[in-house]
Amino acid sequence: MGLLTHIATLPLAPVRGVAWVMERALEAAEDEYYDPEPVERELAELERALLAGDIDEETFDRREDELLDKLDEIRAHVQGTDT
C-alpha cells in the first residue's frame with residue numbers, strides 16, 4: 001500500500017517541496033528576527049554613543065526603551081517555544 005500511495009500522490013511532490021522550502025525560509029527568518037545578539041550589540045553601541053556625547057539623554061532613553069522592549073519580546077518568544 002505504501003508504494004501505491006507514493007505513486008498516487010506523486011503529482012503533489014512539487015507542492016510538498018515548495019511547502020518544505022517555505023517552512024525552512026520562515027524558520028530562518030524567525031531565527032534572525034528573534035536573535036538577541038544584534039539587539040544587545042545595539043544597546044552597547046547606544047551606551048557608547050551616550051558616553052561619548054554623540055546622543056543626548058532623551059534620545060538614549062527612548063531608544064533604550066525600544067531595544068529593551070524588543071529583548072522582552074525575544075525572551076517571551078524563546079520561553080514560549082522552549083516549554
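Contact check on Arg63 versus Glu42 returns a salt bridge, with a Lys/Arg side-chain nitrogen under 4.0 Å from an Asp/Glu carboxylate oxygen. Using a cutoff of 4.0 Å between basic side-chain nitrogens and carboxylate oxygens, Arg41 and Glu45 are not scored as salt-bridged.
Two residues are said to be in side-chain contact when any heavy atoms from C-beta on lie closer than 4.5 Å; Tyr33 and Glu73 meet this criterion. At least one side-chain heavy atom of Leu46 sits less than 4.5 Å from a side-chain heavy atom of Ile55.
Nearest heavy atoms, Tyr34 versus Ile74: O-CG2, 3.2 Å. The two residues Leu67 and Val39 have their closest heavy-atom pair at O-CG1, 3.5 Å.
The line from CZ of Arg62 to CG of Asp56 is 8.5 Å long, rounded to the nearest 0.5 Å. Put simply, CZ on Arg48 and CG on Leu43 are 13.5 Å apart, with the number rounded to the nearest 0.5 Å. With values rounded to the nearest 0.5 angstrom, Phe60 atom CZ is found 13.0 Å from Asp54 atom CG. Separating the CG atom in Asp61 from the CD atom in Glu66 is a distance of 11.5 Å, to the nearest 0.5 Å. To the nearest 0.5 angstrom, Asp72 atom CG is 10.5 Å from Asp65 atom CG.
Around atom CD of Glu32, no more than 12 heavy atoms belonging to other residues, nucleotides or ligands sit under 6.0 Å away.
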